[in-house]
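Just the heavy atoms: all of them, side chains too, but no hydrogens, waters or symmetry mates, feed the values below. A, B, ... follow the sequence lines: proteins, then strands. Residue 1 opens every chain.
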Amino acid sequence: MPLKVYNTLSRSKEIFTPITEGHVGMYVCGPTVSGESHLGHARPYVTFDIVHRYLKHLGYKVRYVRNITDAGHFEEEGREAEDKISQKALLERLEPMELVQKYTNLFHWAMDAFNTIPPSIEPTATGHIVEQIVMIEKIIAAGFAYVANGSVYFDVEKYHHAFAPKGMPYGMLSGRNLDDQLDTTRELDNQEEKRNKSDFALWKNAPPEHIMRWPSPWGEGFPGWHIECSAMSNKYLGNQFDIHGGGMDLQFPHHECEIAQSAVCSHVTMAKYWIHNNMITINGRKMGKSYNNVIKLSELFSGNHPLLEQPYHPMTIRFFILQSHYRSTLDFGNEALKGAEKAFKRLWEAYQVLLNLTHDSFEPNAADSAQTDVDNLDAKVNAFLDEFTEFMDDDFNTAKVLANMFELAPIINGIKDKHLSIHALKPTTLARLKSDMQCFIEEIFGLKQEKEGGDKLDGVLQLLMKLRKEAKAKKDFLTSDTIRKELATLGVHLKDEKDGGMSYQID
RNA sequence: GGCUCUGUGACCGAGUGGCUAGGUAGAGCUCUGCAAAAGCUUCUACAGCGGUUCGAAUCCGCUCGGAGCCUCCA
């Protein structure tokens, strides 16, 4: 079955066919590093990490480009250009680039904690000023931009009239009608610089107090909001590439403007498939600075936030995101996250049990095999596994794959506890179960469990478990319970196995 | 106001015409020295009202509620 992806351009699921066979070019809008990343940022980067991983799994060679916006944008177009980064830098008495570096490092730290695969290329806006200027010159030369007081604006209406007949109207992505636009765009200062309200800046003249500035043919200034993504995606992925991703909130105006800029330069729609992830909400509301409901990732990991009842591990967050479909909103809540934490733990443990299962460790005997309809269980397991790819091919439905994994967990645990016979599974099925689970859990879903403590701690715990076993054998439950209790307060939980064995787990 | 979505059980959340989603929480049972874990069983649904259909949570209409975008935004 071919991979199908939901394309925002067509508002429908389409069969994914790469432009160049065997290769995929993917551009995802990265973070603006003017502040620390929050939970909302985790959604797109985990989502597109899954897309990236799955495409690779399917055998594609993927060039994944994700930018770092470090040039900053003005708060409100037309007002005094208030570059976010430089403004905050003043407050914190830092050099702008120092601030940018700090938040870039923090972003990378969080991405690493989420176990996302770094993009193939991570270009910065400040590193591509030249490319952006060249592109703006091209747009001016083509007659779709004009210079006003040292700033350059894109002529949206002119573009629309020229490109709508070519099947690239302004608004093709967001479903917006340009005429409605004109009526609803609110009044802004300095409107007189623009010919039309819907025009957007390609280059902004920098007022004297503006720290981040670059020389350009139009005077000193800084690039407009949208041009960096057009310039950088074009440089590294060409005139037309396969996938452009980002949050739904970027659809308009950001992606719409990207399309227009790039179309002027290359006469094609820059990307074939537009994939947008939905928002993470908190009490039903988008998480964002303007709503004052932001939970930073560092706070999430440490639990240090009034809304958090406890810290949450990055893998819990990753699992939490995977449990829903990327195009649905996902509502944050302690109850939901705690649920995800427990669920992930259960899944991971079943997975570990599975990796240790072998036919050899179970004696075939009549009573055992009588418990299970051999063909039935074998077929069931295979059916669940078949669906892994089927669900992923259907627009990356990670939620359904996880549901199937939770159908498999009781089977795995049942075999371990001997409620089910391992001989109900053919050796080939068991092998497939192991490799498919391994592939989807670790390779595609990128879930992992930190190995905590290391060898020394393990040695100490083995010793304590040995002592506890001995105490139990002597029915000295006071001692055995003390060991278990004391360890539990330290966050180490002992579990007695059926056959007298023991294992531990660290929080 | 315009555009785009959305409303599923205590909570999160799949699902789009007929088949148990799944997870967490709750209840009962099995196992266990006790506990934990695990397994088994079980409870609470598809906002409301109409319509289409043999049949709708799923399609259509209306009503009510919620969100995103239209301004920086993942």
Side chain to side chain donor-acceptor pair (under 3.5 Å) evaluation trace for A:Gln310 with A:Asn334: CA-CA 8 Å; A:Gln310 58 164 81; A:Asn334 280 286; over 6 Å; no
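- Nearest to the side chain of A:Asp417, among B:rA38, B:rC70, B:rA74, sits B:rA38.
- Across all strands shown, B:rG1 forms a Watson-Crick or G-U wobble pair, both distances under 3.5 Å, with B:rC70.
- Going from the C1' atom of B:rA57 to that of B:rG13 covers 15 Å, rounded to whole Å.
- Side-chain to base pairing of A:Arg484 with B:rC34: one donor and one acceptor N or O lie within less than 3.5 Å of each other.
- With 3.5 Å as the limit, one finds a donor-acceptor pair spanning the side chains of A:Asn382 and A:Asp378.
- As the counterpart of B:rC59, B:rG51 is assigned, both hydrogen-bonding distances of the Watson-Crick or G-U wobble pattern falling under 3.5 Å.
- In this structure, a donor-acceptor pair under 3.5 Å is present between the side chains of A:His276 and A:His255.
- Rounded to an integer number of Å, the gap from CZ of A:Phe252 to P of B:rU71 is 7 Å.
- Under the Watson-Crick or G-U wobble criterion, with both distances below 3.5 Å, B:rG33 is left unpaired in every strand shown.
- The aromatic ring of A:Phe406 is not stacked on the base of B:rG23, since the criterion of ring centres less than 5.5 Å apart with planes inclined by under 30° is not met.
- In this model, a side-chain donor or acceptor of A:Asp481 finds a partner on the base of B:rG33 within 3.5 Å.
- The listed nucleotides are B:rA14, B:rC12, B:rA74; the one nearest the side chain of A:Ser324 is B:rA14.
- Candidate nucleotides B:rA74, B:rA10, B:rC3 were compared by shortest atom distance to the side chain of A:Glu335, and B:rA10 ranks first.
- Contacts of A:Gly246 with the nucleic acid, taken as non-hydrogen atoms under 4.0 Å apart, involve only primed sugar atoms and P, OP1 or OP2.
- Looking at the side chain of A:Arg176, the nearest of the listed nucleotides B:rC69, B:rA38, B:rG33 is B:rC69.
- Minimum atom distance to the side chain of A:His325 is reached by B:rG15, of the listed B:rG15, B:rA36, B:rC12.
- For A:Arg285, counting side-chain heavy atoms from C-beta on, the closest listed nucleotide (B:rA67, B:rG15, B:rA37) is B:rA67.
- Minimum atom distance to the side chain of A:Pro410 is reached by B:rC40, of the listed B:rG23, B:rG33, B:rC40.
- With no hydrogens or angles considered, a side-chain donor-acceptor pair links A:Asp70 and A:Thr126 at under 3.5 Å.
- With B:rG23, B:rC69, B:rA14 as the candidates, the nucleotide lying closest to the side chain of A:Asn397 is B:rA14.
- Comparing B:rU30 with B:rG66, their C1' atoms sit 45 Å apart, to the nearest whole Å.
- Remark: the A:Asp496 side chain and the B:rC34 base include a donor-acceptor N/O pair separated by less than 3.5 Å.
- The 5' end of RNA chain B is approached more closely, in terms of each residue's nearest nucleotide, by A:Gly333 than by the other of A:Gly333 and A:Leu478.
- Between the side chains of A:Ser10 and A:Ser12, at least one donor N or O sits under 3.5 Å from an acceptor N or O.
- One P atom belongs to B:rC62, the other to B:rU4, and the distance between them is 14 Å to the nearest Å.
- Protein atom NZ of A:Lys400 is 13 Å distant from nucleotide atom P of B:rU20, rounded to whole Å.
- For A:Lys495, whose side chain is taken as the heavy atoms from C-beta onward, the closest listed nucleotide among B:rA36, B:rG23, B:rC12 is B:rA36.
- Of the candidates B:rG13, B:rA74, B:rG23, B:rG13 carries the atom nearest the A:Asp331 side chain, counting heavy atoms from C-beta on.
- The separation of B:rC40 from B:rC46, taken at their P atoms, amounts to 27 Å, rounded to a whole angstrom.
- In this model, a donor atom of one side chain and an acceptor atom of the other lie less than 3.5 Å apart for A:Ser174 and A:Glu256.
- Contact annotation for A:Ser328: backbone-only contact, meaning every heavy-atom pair under 4.0 Å involves sugar-phosphate atoms and none involves a base.
- Looking at heavy-atom distances under 4.0 Å, A:Phe320 makes contact with sugar-phosphate atoms alone, never a base.
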